[in-house]
Amino acid sequence: MSGTFGKGCHLHLIDGSAFIFRAFHALPPLTRKSDGLPVGAVSGFCNMLHKYVEDTRGPEAPTHVAVVFDKGSHTFRNDLYDQYKANRDAMPEDLRPQIPLTREATRAFNIACLEQEGFEADDIIATLATRARDAGGRVTIISSDKDLMQLVGGGVEMLDAMKNRRIGLEEVHAKFGVGPDRVVDVQALAGDSVDNIPGAPGIGVKTAALLINEYGDLESLLDRAAEIRQPKRRQALQEHRAQIELSKRLVLLDVNMPLDVALDDLEVCEPDPETLLGFLSQMEFRTLTKRIAEKLGAEPPALPDTSPAEADPDPEARPVDPSAYECVRDAGALKVWIARARALGRVAVDTETTGLDEMRAGLVGISLATAPGQACYIPLAHKAGGDDLFSAEAPVEGQMEMEAALTLLRPLLEDPAVMKIGQNMKYDAKILARHGIDIAPIDDTMLMSYALDAGLHGHGMDALSERHLSHTPIPIKTLLGSGKSAITFDLVPIDEAVKYAAEDADITLRLADLLKPRLHHRKVATVYETMERPLVPVLAKMEMTGVKVDRDTLSRMSNAFARKMAALEAEIHDLAGERFNVGSPKQLGEILFDKMGLQGGQRGKAGAYATGADILEDLAAEGHDLPARVLDWRQLSKLKSTYTDALQDHINPETGRVHTSYVIAGANTGRLASTDPNLQNIPVRSEEGRRIREAFVAEEGKVLLSLDYSQIELRILAHVAGIGALKEAFRQGQDIHAMTASEMFSVPLAEMTPEIRRQAKAINFGVIYGISGFGLARNLRIPRADAQGFIDRYFERFPGIKDYMDATIAFAKEHGHVQTLFGRRIHTPEIAAKGPRAGFARRAAINAPIQGTAADIIRRAMIRMPEAIATLPAKMLLQVHDELIFEVEEHAAEDTVAVVRRVMEGAALPVVRLDVPLEVDAGQGASWAEAH
DNA sequence: ACGCTCACG
DNA sequence: GACGTACGTGAGCGTA
C-alpha cells in the first residue's frame, strides 16, 4: 500500500483531545507509584489507543492514521472573538502534566501525532479529511464532536468509538435537520453555550434548520430576513446579523490550513516493541505492559521496584554523612561531576559567598549533589585566615582557577536538559548572573515547601531538613562565628567548607526528592509551576536592575529633619520640666502618666505604659501639648532613621542604585516581602513623608511609571462572595465606598457626605480583614455598640458577605487550609484553637483568600511582563503589592503604559474570569513622587 | 533577643 | 459571660 495516497486508501483521524478528556473523567485518579505523578489519563489514553488498534485489524483496517491534538489555548478564533471558549473551566490540576505524556504515548504506538499552534485539532482534521477525500480515498474521523459533522459526506464519515456508532449523512441530518453542507449555517444561528458561540438570541437548532431549509442557506436567509413573518425571529436576525456572521466564521472549520505533514506520512506502521514497552514500563503500567508484550511476542521489561521502602525513601536509611563528600580541586574531577549530572538530567547546586548581599558578595565556591549522599564542593576563592602577615589573605593552594571552573560549569548550568535544584535559587541565580551564567531550568525546594505548607512552618533549609529529614545541618555559625569576630566564608578552611557546603547541596537534593512528588499529590503543582518557580528569574532581574536613588536629596532632607527634631526635643523637655529620651517609650510613659498625671495610662505586659500613636492622639485631642509634640517628633524620627539615613547606606556604590531583595516565601498569603531595604513601605500617606519619594528618580532621558490595581481586594471580595450590588457598581465604575454608604445608610448618592463615605470605607476594609465590632469601633473611634450596628446593617444589606465568611471558616475547619482562586493554599492550623487565638485565626482565614488572590494576580502579571515589554526600552523595577514601578525611555512611556496595563488587567485570565473588571491606574514622572 | 512603634498595601 | 482582637509585612530603637 506504500506510495501515493489515493483510491483504495482509508485514513483514520483520531480526535486525541477527546480521548484524553474521556479517559481523565472516566477513570479514578491514578498516580505513578515511584514519584506520585498523576497518570490516570495517560493510562486510559493508552488503553483506548490499544483497543482501537486491536479493533481496527482486518479487512476494514485503515491504511493511514493520525492522532490529532489541540495545541495551546489561543487560536485564530480568539482573534476573531475574544470571548471564544471563554467560559471553559481551567484544565484540572491533575491533567495538566499528563498532556505531553499523551503525545509521547502516541509516538510510542508509532502513530503520527499532529498538533499545530494557532489551530484547533478540528481544523487539522478538516484539512486532512478534505485532502484525502479529494484524492479519492475514504476517511473515518474517530470522534463524536458535533463540530466535525460539517465534514461528513463524499467518503468521509465519523465513528463514535465509545458507542461504536457510525455517523453518516443520516445521523447528521437527524441531529441538525440539514445536510453536512448546511450544518455551519444552523450552528451559526443556534449558537453554542459550550464554546460560547453567540448565535442569534432565541433561535435554537430546530428553528435554525427550519429557516435554512426554507431559504436555502444562511446568506440568503439574512438578506431576505425582512420577509420573515414571525416578528421575534425577524428582529433577532436583523439586529444580530454581525453576530451571526461572526458565529459562522467561528464554527466553520479551516479545510486549507498550512500543514507540515503529507497524507503519505501517515501510513500505518507497526510499533517498535522496545519503544512502546519502554514507554509503558516507564509509566509503570503493569497490566498494559504485560498485555501488549504478549501481543507483540516480546519479553516485558522489568518494572522499577516500587515497594514502599523505595518509593518513600527512609531518611534514616542513608544518613547524611558530611565526611563522605568530595573536594573538587581540578578540571578532571569537575568533569566527572558534570558528566554525572548530565547523565542524570538533574543536579542540586549551592553557592557559597562572602556575604548575604547578592549584589556585593563574592563567589567563594560551588557545591553540587547528584544523588543522596553523593555531593562535592568546588572551592574557588578561599584565602588563608591566619594572622601571619605574609600568609593572611593569600589564596589557598589546591583550588581551581575561578574562570576555568565557571567555563566548565556554564554549559551544565545553562543546559535546558538538566534541571538545577536549589534552596532559595534566586540568591544563587543572582550570584551566578554576576559571573555571566544564566542558570536554567531550575527547581527550588524553598518554593516547593511554600506551595505545599504555607502557614504551617518556615521554609528555610534548616527547618525543612529538621522536619523532613530529621537531620540538623551544620550551623553556619560553627564556621563563621558570630558577632564582631565573625569571619567570611572565604576564610573558612577548605576541608571544613567541604562538609558544610556539600551537605547543603545533598540536603537540597533529598528535599527535592521528597517534596516534588507531593506537589502533585496535594494539588499545588500548578501553583508551584506557574506562580512560584517562574517568578525567580523575574525578581532576580528586577533586584539586579535596582532603582536610582538620589543621595543629595535624602541628605538634605536628613539635615532638615534633624533641625526640626532638635527644636521639638527642646520644646518637649521644656513641657516636661526635665530632660529625657523622647525616643524611649518607657521614659515617655512615666513622664506622661506618673509625673504629669495624665489619665488613660494603660500598662502593657512588660509593665510599661503604652504610648502608641492612638493614645498620644487622644491625649493631644484633650489639649495636651507634650503628646502632640512627641507625635511630630516621632514622625520625623521615623522618616530620618528608617528612610533618609538608612536608605543612603543602601545605595550600591557601583551602580548608584538601591537593590532591594524580595522574599518569595515569606508572607503566608502569597504576597512578596521586600527587605534590605524594604521598598514596600516608603512613606506616602503624610505630605512630609511622601517627599521621600522625590529621591527615587529615573535616569536622564527616562521616566518612572507607576501602575496600580484600583481596589483589587474589594473587587475580589465582590467576586468570591458573589455580591451582585458590588459587582454592578464596579462594572459601572461607581465610587464603591459611596455606593456602600448609600446602601447602608439609605442616603442618596447625590446627598453623600464625606463623613458617611469615610465610615463606609472603613467598613469595606474591615470586611476584608474579618470585621469585628471592637476593631471597627477602634478604627472609627465610635462606641462599640454603634460599630456593631453598622456591621449588622452591612450584613443585612449584603447577606452574601456573611455567607462567604461562614463558608470560608467552615472550609478552613474541614480542610485545615483556605485557598485562593488560583489554588494557592494557606494553612490555618490555629482555626480550631480556643480563646483569643481562635479570633485571630478566623480573621486570617477570611482575609487570606482575598489578599492571596490579589497576590496571585500581580505575580501572574509580573511573570508575563518580561516578554510583553521585551521590545520596549523599559525595565520593571519594583513591586508594592498592588503596584508595579517601571523605568522607561521617555519617548516610549505611553506605549509601555498601554502594554503593562493590558498585561495587568488581563492577569487573571485565562484561568479565572472575574465577574468584575480589573482596572489599573497609571502615572509617570521624573520621580516616584510624581509617578504615583 | 524581644517588644514597641510606625512605615506601607 | 469573659476573653481581647481589625489582615499582611520589615526596620529601627530601647530595653532586657
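Chain identifiers are assigned alphabetically (A, B, ...) following the order of the sequence lines, protein sequences preceding nucleic acid strands; residue numbering begins at 1 within each chain.
- In this structure, OH of A:Tyr662 is placed 13 Å from C1' of C:dG10, rounded to the nearest angstrom.
- In summary, contact between chain A and DNA chain B, defined as any nucleotide atom under 4.0 Å from a heavy atom of the protein, begins and ends at B:dT5 to B:dG9 in the 5' to 3' direction.
- Partner of A:Ser706 under the side chain to side chain donor-acceptor pair (under 3.5 Å) criterion, out of A:Gln924, A:Glu930, A:Glu883: A:Glu883 alone.
- Of the candidates C:dG4, C:dA11, C:dG10, the closest approach to any side-chain atom of A:Ala673 belongs to C:dG10.
- For the pair A:Leu647 and A:Pro677, the minimum side-chain heavy-atom distance is below 4.5 Å.
- Look at C:dC3: it lacks any Watson-Crick or wobble partner with both distances under 3.5 angstrom.
- You'll find a donor-acceptor pair under 3.5 Å spanning the side chain of A:Arg843 and the base of C:dT5, going by distance alone.
- Heavy-atom minimum distance, A:Thr820 versus A:Ala848: CG2-O, 4.4 Å.
- Counting any heavy atom pair closer than 4.0 Å across all strands shown, A:Asn779 reaches a base atom.
- Both tests do not hold together for A:Arg793 against A:Phe795: distance to the six-membered ring centre under 6.0 Å, angle to the ring axis within 45°.
- A:Ala777 approaches A:Arg784 most closely through the heavy-atom pair CB-CA, 3.7 Å.
- The aromatic rings of A:Tyr450 and A:His459 lie perpendicular to each other, with more than 60° between the two planes, well past the 30° mark.
- Taking atom P in both B:dC6 and C:dA2, one finds a spacing of 31 Å when rounded to whole Å.
- Of all heavy-atom pairs spanning A:Lys727 and A:Val916, the tightest one is CA-CG1, 3.6 Å.
- The residue A:Phe774 sits close to a base: some heavy atom pair falls under 4.0 Å.
- The closest side-chain donor-acceptor pair between A:Gln635 and A:Ser686 falls under 3.5 angstrom.
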Every protein N/O lying under 3.5 Å from an N/O of nucleotides 14-16 of chain C:
residue: C:dG14; atom: OP1; partner: A:Asn581; partner atom: ND2; Å: 3.4
residue: C:dG14; atom: O3'; partner: A:Ser584; partner atom: OG; Å: 3.3
residue: C:dT15; atom: OP1; partner: A:Ser584; partner atom: OG; Å: 2.3

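- If you check every strand for non-hydrogen atoms under 4.0 Å, A:Ala608 touches nothing.
- In terms of polar N and O atoms assigned as donor or acceptor, the side chain of A:Arg842 never comes within less than 3.5 Å of the base of C:dT5 in a complementary pairing.
- A heavy-atom distance below 4.5 Å is not found between the side chains of A:Thr553 and A:Phe696.
- Tested against A:Asn764 for a side chain to side chain donor-acceptor pair (under 3.5 Å), the candidates A:Gln711, A:Glu713, A:Gln759, A:His737 yield a single pass: A:His737.
- Checking the phosphate oxygens (OP1, OP2) of C:dT9, no side-chain nitrogen or oxygen of A:Arg671 falls inside 4.0 Å.
- Look at CG on A:Asp676: it is 14 Å from C1' on C:dT9, rounded to the nearest Å.
- Rounded to the nearest Å, the gap between the P atom of B:dT5 and that of C:dA6 is 13 Å.
- Of the candidate nucleotides C:dG4, C:dT9, C:dA6, C:dA6 has the atom lying nearest to any side-chain atom of A:Ile771.
- Side-chain atoms of A:Phe840 and A:Ile831, non-hydrogen and from C-beta on, never get closer than 4.5 Å to each other.
- Residue contacts shown for A:Ile768 are absent, as no nucleic acid heavy atom lies under 4.0 Å away.
- Contact record, A:Phe822 with A:Ala908: CE2-O, 3.6 Å, taken as the closest heavy-atom pair.
- Here B:dT5 sits opposite C:dA11 as a Watson-Crick or G-U wobble pair (both hydrogen-bonding atom distances under 3.5 Å).
- Counting any heavy atom pair closer than 4.0 Å across all strands shown, A:Asn678 reaches sugar-phosphate atoms only and no base atom.
- Taking atom CG of residue A:Asn681 and atom C1' of nucleotide C:dA11, one finds them 7 Å apart after rounding to whole Å.
- Residues from residues 631-651 of chain A lying near DNA chain B, meaning a heavy-atom separation below 4.0 Å, are A:Arg634, A:Gln635, A:Lys638, A:Tyr643 in numerical order.
- Looking at heavy-atom distances under 4.0 Å, A:Ala613 makes contact with sugar-phosphate atoms alone, never a base.
- Taking atom CZ of residue A:Arg824 and atom C1' of nucleotide C:dG8, one finds them 13 Å apart after rounding to whole Å.
- Within the nucleic acid shown, A:Ile682 comes within 4.0 Å of sugar-phosphate atoms alone, with no base atom in reach, counting heavy atoms only.
- If you measure from atom CD1 of A:Ile782 to atom P of C:dA6, you get 16 Å, rounded to the nearest angstrom.
- When heavy atoms are screened at a 4.0 angstrom cut-off, A:Ala777 is found touching no nucleic acid atom at all.
- Contact annotation for A:Gly839: no contact, since no heavy-atom pair falls under 4.0 Å across all strands.
- Centroid-to-centroid, the aromatic rings of A:Tyr794 and A:Phe790 stay 6.0 Å apart or farther.
- One atom, CG of A:Leu672, and another, C1' of C:dT9, lie 11 Å apart when rounded to the nearest Å.
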